[in-house]
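The next block holds one structure in the form of structure tokens; read it before the comments.
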Number of protein chains: 4
Amino acid sequence: MTAIEEMQVTTKKETQILEVAERLFATKGFEGASVREIARDADVSVSMISYYFGSKEKLMEAIVLKRLGLVKLRLEHLLEDFRLSSLQKMYAVVDSNVEDIIERQYFQKIMIREQCGKSSTTTARLIEDNRKDIGELMRKLISEGQRKGEFRGDVDITLLMMTLIGTTNYIMAAEKHYRVEHDMMHTGKQEFQKFVTLHVSNYIKDIFRHVLCD
Amino acid sequence: MTAIEEMQVTTKKETQILEVAERLFATKGFEGASVREIARDADVSVSMISYYFGSKEKLMEAIVLKRLGLVKLRLEHLLEDFRLSSLQKMYAVVDSNVEDIIERQYFQKIMIREQCGKSSTTTARLIEDNRKDIGELMRKLISEGQRKGEFRGDVDITLLMMTLIGTTNYIMAAEKHYRVEHDMMHTGKQEFQKFVTLHVSNYIKDIFRHVLCD
Amino acid sequence: MTAIEEMQVTTKKETQILEVAERLFATKGFEGASVREIARDADVSVSMISYYFGSKEKLMEAIVLKRLGLVKLRLEHLLEDFRLSSLQKMYAVVDSNVEDIIERQYFQKIMIREQCGKSSTTTARLIEDNRKDIGELMRKLISEGQRKGEFRGDVDITLLMMTLIGTTNYIMAAEKHYRVEHDMMHTGKQEFQKFVTLHVSNYIKDIFRHVLCD
Amino acid sequence: MTAIEEMQVTTKKETQILEVAERLFATKGFEGASVREIARDADVSVSMISYYFGSKEKLMEAIVLKRLGLVKLRLEHLLEDFRLSSLQKMYAVVDSNVEDIIERQYFQKIMIREQCGKSSTTTARLIEDNRKDIGELMRKLISEGQRKGEFRGDVDITLLMMTLIGTTNYIMAAEKHYRVEHDMMHTGKQEFQKFVTLHVSNYIKDIFRHVLCD
DNA sequence: CATGAATGAGCTTTCATTCAT
DNA sequence: CATGAATGAAAGCTCATTCAT
């Protein structure tokens, strides 16, 4: 084992479990997906899940934790870029979110499902904390834009973000419907994603510009 | 006791089950909600559920069927109203949808969850069929508006509808976050719903007008 | 179902489970006996145990509760009999205990095992409470005997009771050894019990008389 | 480091395991104590137990073998001491047993538990063999005393030994109860053991003398 | 039309043990 | 000689459903 391989904290089997679990939690829900099924699909024995993650619940937390960290990090870096105007930053946020939601569909579905449920689980708390952090960052961006006169003074940032996330989420949740309506029933996954990313990104940017600036 | 009252009496338990099941399916997911819990909360014996509806699955279908029928019916009536302009009709669609989603939160959550899953269940088929019907009606409305010159020619109606439904759904799913951001943590349910309905409705109507007409 | 049958709070299956569980908990210990094995031997399905008793733990509690109640009740009645002298009462206590321990071997073994373990379980608490009650009653009997001049003034009642219970328990726990040493390897169960009851009872009464009166 | 020290170093972990296992088997029973817990408490890796002893079962046998050998050896030496009268030897047996049971509580609890179970295991056979040996030695002592006219002719030695072991065991099993009744709830372990040893030893010697000589 | 008793199948988790290193 | 990774088997329990009444 080389030094680099050693640095990878997650073993191969651990990664397999995480990937399969993400997919099954997304498509079947937390309770709907059984550890047996996860183990079978990940080609490991059932006991590996408890072995690596402690429990089914903790496995879920591991998935959420892994994804959420990256999102926040990227957003922070983006906002620090002083070469961009506030609107450009906002456009970058849109791009980043659209890409995320479209490329990480499984995880998005998990987020959606979690938001429907009661907020008493550890997972729910993780998500809520993340949302708070993201909200904070966005508020800063808006204030900056308003100070510079780029944005209107009476922007409801919460509503705007919810338009971005809600719309994109919904599109991916109802992917099939979207494909039917756009005559893309048999378009390959990559091509479809590329098209949607561009199409939706522009559509939402237009809305953002309208709400923020007009 | 009249014949009609008798009918209501005999179906009272059925209604209780439907209401409780809707809430539990929404907050805990289909697999997460057990028939035992539904039965307990609805104050009936567990066997009643199989007895009335055949199975847990069929109970879910009953919930979905009951709700979806009303939505389509209302939309049909609305679109036939020749006194309204196309934009006014579109506004009415927005109002109707926002109200629906905000007042029938539980059912919306069920819809959201179902859209995440695989589309092989009977329930998923019911929802898909409904969406097709609604899509058809909306396309008609758009065409009418375009013919009359009210709407632009290059409107992506699917994307627009998804903005409406996705955004509103997301707001309600993340109700807590919305309340925090708008300083409404301790606002009563009715007052909150009234405020959100108006606020969101106007916000989305503005977007619709922008996308459809500008 | 007749009125009398209805009065029986325990159903037939419930009784079967209780009996089998008592035997298995006694011979294999609480953790050593699996619900699957109990269910198999009692000729019921595994789920019946949870159905009737809630859990394996609660099943144990049900066994202990059922037995302990009777013991205390019997002792109370015995001590109220004013026709007997204090020593006669004490002899009756010995007889009663010896009989109990010899006839209800399985339950005694459960008690022995429980006393070895940590006293944090509900079962352990039940047993401790019972011991406290019994201790109270015995102290009264001794005081009475001392007041009447039948017993010596410096009797250690705790030690005496522990001799009674400890010895008898040990005899039954090591029944096989006892049989070997007394050439009763192939004596029938009933005859053996009858002999032991008499033999042990007299032996302990002699000790009691010596300790209490000499 | 000498060869002897080296031996101790290599078997240090083995000793740790034996000690922890004895405690846990005593307080939780054989099935109730898991190798994981033993390993954790003994500060070794789980695989060490199978590695050193072969299996959980063999570990139990190792504990029993180690303890039982010493008991028999001590008894043999004691009985060979021609300077003591038979009654003095018997008193020495009592002292030795009481000390053993009180100082080696954990092991005694293991013995008690084992006696409750079915006698088909290797461990049970070891214990039974030991009891046979001890019985043999005791019978010799009694015969000697009877020949010398010190003891009565009709002594039931089995019953007497069972009084000794049964009573002492029970006292330690119900230690808490004993402490409560003797106002020693907060007495230190050493002081308590010293008191009990003396108290119980004298109590049982009195009974022995009564049964053997009066 | 209604229900309590009962169950087989499945759940998550822990078990003692093995094996490659 | 020692151990972390891995696993099949079994644990206690809950599930949706059935059936006799």
Side-chain angles (χ1 to χ4, degrees), chain A residues 1 11-14 17 30-39 42-60, chain B residues 6 9-14 17 21 30-39 44-60, chain C residues 1 11-14 17 30-39 42-60, chain D residues 6 9-14 30-39 44-60:
Chain A
M1 193 184 282
T11 66
K12 197 185 154 210
K13 296 210 172 188
E14 216 172 324
I17 293 171
F30 180 74
E31 342 270 345
S34 77
V35 290
R36 274 177 163 75
E37 194 177 5
I38 294 168
D43 204 37
V44 298
S45 76
V46 274
S47 31
M48 290 307 303
I49 277 137
S50 295
Y51 181 68
Y52 274 129
F53 300 96
S55 70
K56 192 188 181 186
E57 182 101 34
K58 294 247 184 73
L59 168 57
M60 174 66 118
Chain B
E6 216 176 316
V9 168
T10 54
T11 57
K12 197 182 158 196
K13 290 197 176 182
E14 218 170 317
I17 294 170
F30 180 73
E31 341 271 344
S34 75
V35 290
R36 271 175 165 69
E37 197 177 3
I38 295 168
V44 299
S45 78
V46 274
S47 32
M48 291 305 302
I49 278 141
S50 295
Y51 181 66
Y52 273 129
F53 300 96
S55 71
K56 193 188 180 186
E57 182 99 34
K58 296 252 183 68
L59 168 59
M60 173 67 117
Chain C
M1 193 185 283
T11 66
K12 196 182 153 209
K13 297 211 171 187
E14 215 172 325
I17 293 172
F30 180 73
E31 341 271 342
S34 77
V35 290
R36 275 177 163 77
E37 194 179 5
I38 294 169
D43 204 37
V44 299
S45 76
V46 274
S47 31
M48 290 307 303
I49 277 139
S50 296
Y51 181 68
Y52 275 128
F53 300 96
S55 70
K56 192 189 180 185
E57 182 102 33
K58 295 246 186 73
L59 168 56
M60 174 64 118
Chain D
E6 213 175 318
V9 169
T10 53
T11 58
K12 197 182 156 196
K13 290 198 175 182
E14 221 170 315
F30 180 74
E31 341 273 343
S34 75
V35 290
R36 271 176 166 70
E37 195 178 4
I38 295 168
V44 299
S45 79
V46 275
S47 31
M48 291 303 303
I49 277 142
S50 295
Y51 181 66
Y52 273 129
F53 300 95
S55 71
K56 193 188 180 186
E57 182 99 32
K58 295 252 183 70
L59 168 57
M60 174 65 118

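If you're wondering where the values come from, they're calculated on a predicted model, not measured in any experiment. Numbers restart at 1 for each chain; the letters A, B, ... are given by sequence-line order, proteins then strands.
For Lys13(A) and dT7(F), the shortest distance from a side-chain N or O to OP1 or OP2 is below 4.0 Å.
Val44(C) and Lys13(C) make their closest contact through CG1-CD, 3.8 Å (heavy atoms, listed as atom of the first residue, atom of the second, distance). For the pair Lys56(B) and Val35(B), the tightest heavy-atom approach, listed with the atom from each and the gap, is CG-CG1, 3.8 Å.
Pair assignment for dA11(F): dT12(E), on the basis of Watson-Crick or G-U wobble contacts that are both within less than 3.5 Å. Across all strands shown, dC1(E) has no partner, as no Watson-Crick or G-U wobble contact with both distances under 3.5 Å is found.
No side-chain heavy atom of Met60(A) sits under 4.5 Å from any side-chain heavy atom of Phe53(A).
Straight-line distance from the CZ atom of Phe53(A) to the P atom of dA6(F): 12 Å, rounded to whole Å. As rounded to whole Å, 19 Å separates atom C1' of dA16(F) from atom OH of Tyr52(B). Between the CE atom of Met60(C) and the C1' atom of dC13(F) there is a distance of 18 Å, given to the nearest Å. Between the NZ atom of Lys12(C) and the P atom of dA6(E) there is a distance of 11 Å, rounded to whole Å.
Both Met48(B) and Glu37(A) lie close to DNA chain E; mapped to their nearest nucleotides by heavy-atom distance, the more 5′-ward contact belongs to Met48(B).
Taken to the nearest 0.5 Å, the CG atom of Leu59(A) stands 12.0 Å off from the CE atom of Met48(A). Atom OG of residue Ser34(C) and atom CD of residue Glu37(C) lie 5.0 Å apart, to the nearest 0.5 angstrom.
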Taking protein heavy atoms under 4.0 Å as touching, what does nucleotides 13-21 of chain E look like 5' to 3' if B marks base contact, S marks sugar-phosphate-only contact and - marks none?
-> BBBBSB---

